[in-house]
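This one's a predicted model, so the numbers in the text were calculated from it and none came from an experiment.
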Amino acid sequence: MADGAMTATFLAVIGGASLLAVTARRLRPVDRLPSLEGWALADRSLGPGWTWLLLGGTIFTAYTFTAVPGLAYGNGAPAFFAVPYTVIVCPLAFVLLSRLWSVARRHGYITAADFVRGRYGSPPLALVVALTGILATMPYLALQLLGIRAVLTAGGVYPRGAAGDLVLVALFAGLAVATYRHGLRAPAVISALKAVAVFVSLTAVTWLVLARLGGPGPVFEGAAQRLGGPALLLSPAQQPAYATLALGSALALLMYPHVLTAGFAADGPSTLRKVSVALPAWTGLLALFGFLGIAALAAGVRAPRGGAEAAVPMLVDRLMPAPLAGLVFAAIAVGALVPAAVMSIAAATSFVRNVYVEYVHPTATPKRQVRIAKAVSLTAKVGAVAFVFGLRDQDAVNLQLLGGVWILQIFPAVAVGLFTGWLHPRALLAGWAVGMASGTYLVVREGFSSIVPLGTGAGPLEIYAGLAALLLNVTVAVAGTAVLTRLGVPRGADTTDLPSRLTVRRRPETGAKNP
């Protein structure tokens, strides 16, 4: 049963998030007509501070903050692949996001599929890019709800039965209403509360854990004894899997629609470069969460079978004063609201721009596009709730693992296309199909493990399935381009006018840096 002070603190933070979401209406310019760019991208007006809050709050999700320490609790060192993975993201974002923003702003692109449509002149290629993004996003959205439920259940804040389900629905309903009305501005303002709550609570929790357990030395010694010693270090056999998982995950992350949506909302490429330099502060948080998974081992926390993600919430509930525990649980819950909102917006925008307008209603007015996007965004959230209540938790995890493999297969069309238009759109389509099929086969064959063995014999090489599928994808795309070019097969017109060094004239300053 939850402590009264814990529950009060939790409700206070959640109430603060709701109030902040309401204030988002004050940050919308009143003299602008409704547009998809205004609703989904906050009119591309976010300065460095807001962009850092929104992009960091979108990338580092509640599920990440529970899954990484849960993996550290159960497996030790391999869990920390997330630290180099999120470090690798920073230089990639510095180069790719700023360049993609420039061409998107020049041509009014809102999604990655818009860019692909303009770069290659291929509606089918743009369609598969959009559908792949939506397909990969939906289980990720459901995992945010699972993260909230796991944390609240471990802390005793989640009632049993229908009452608990109503609590989860109520949390999500407030977010759905705010996002429906204010678009990306709602998660932007909530991201400020998320940053404060997570940074403050995690710093306090880490300090108290070190004080209670006697410092880092006893923590790692105690965890090593429970894991069997070597589990806290990578073995030579684990290193290829660790390295390829970190690299592949970093390449995949920047292809997710919600990450690109948060990036497109910036007010310029220089803002994105500044934010990319500052993003490692969020990586430090992730490393501390992983450390808490090790601390849960040292403290003798016994997580339920198959529920290692509950280890840190159980540690917090055991060692922390009730108000601080409530703050931690609320911080993780709010941490799910920001990415969930951005994911639903991104999925809705991709559907409207690259399916509805392209194939259903090409003459749809901006106002109608916004109305359809709002409805699809709401439907996505309802679908995520239904998914959580209708299927096993492991089903969502399995689909999210596949989603990471799938989204990586659009990397050649999007990222490579930023620097060269040589690849033929038909070859890119063939490469995408091979990558999707092979990646899915590898993951399913291994019982939904993203690490797969390659080769035969006593010691096959274990690597990330998504990266193996991407290599096949690129091979087919390059070989196919060479063949199609030699055969003289025509390609679509490139309307992006993307030179080797791209610059864009900034908009005149409006004086407002609000979301």
Side-chain angles (χ1 to χ4, degrees), residues 3 6 9 60-87 147 150-156 197-239 241-242 245-246 280-332 335:
D3 183 277
M6 179 195 301
T9 306
F60 295 86
T61 69
Y63 184 75
T64 302
F65 287 151
T66 55
V68 169
L71 188 58
Y73 174 86
N75 299 91
F80 287 90
F81 86 91
V83 176
Y85 141 46
T86 50
V87 170
V151 169
L152 300 189
T153 300
V198 173
F199 274 85
V200 171
S201 63
L202 184 59
T203 301
V205 168
T206 303
W207 182 80
L208 285 172
V209 164
L210 291 174
R212 298 280 184 93
L213 300 182
V219 169
F220 283 102
E221 289 174 6
Q225 291 176 0
R226 295 181 181 277
L227 279 175
L232 288 181
L233 299 173
L234 287 176
S235 67
Q238 291 175 314
Q239 291 171 11
Y242 185 93
L245 185 58
W282 288 94
T283 299
L285 280 185
L286 190 59
L288 288 179
F289 268 108
F291 170 76
L292 291 181
I294 300 297
L297 270 175
V301 170
R302 293 187 176 275
R305 185 178 180 84
E309 68 277 0
V312 168
M314 293 173 68
L315 174 71
V316 170
D317 190 39
R318 175 188 296 189
L319 298 182
M320 305 301 119
L324 181 56
L327 176 62
V328 175
F329 298 145
I332 296 178

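Side chains of V198 and F65 form a contact here, defined as non-hydrogen atoms less than 4.5 Å apart.
In terms of modelled atom types and a separation under 3.5 Å, the side chain of Y242 and the main chain of F80 share a donor-acceptor contact. S201 places a side-chain N or O within 3.5 Å of a backbone atom of A197 that can act as its donor or acceptor partner. A donor-acceptor distance shorter than 3.5 angstrom exists from the side chain of R318 to the backbone of A299, with no hydrogens or angles considered.
Of all heavy-atom pairs spanning L213 and P218, the tightest one is O-CB, 3.3 Å. Residues A298 and R226 come closest through the heavy atom pair O-NE, 4.0 Å. Minimum heavy-atom separation, L208 to P321: CD1-CD, 4.1 Å. Between G293 and V312, the shortest heavy-atom distance links the atoms N-CG2, 3.7 Å. For the pair A223 and L297, the tightest heavy-atom approach, listed with the atom from each and the gap, is CB-CB, 4.0 Å. Nearest heavy-atom pair, A308 versus A303, reported as atom, atom and distance to 0.1 Å: CA-CB, 4.1 Å.
A distance of 11.0 Å separates CZ of F81 from CG of N75, quoted to the nearest 0.5 Å. In this structure, T64 OG1 and Y85 OH are separated by 6.5 Å, a value rounded to the nearest 0.5 Å. To the nearest 0.5 angstrom, L327 atom CG is 10.0 Å from I332 atom CD1.
The aromatic rings of F220 and F291 sit tilted, their planes meeting at an angle between 30° and 60°.
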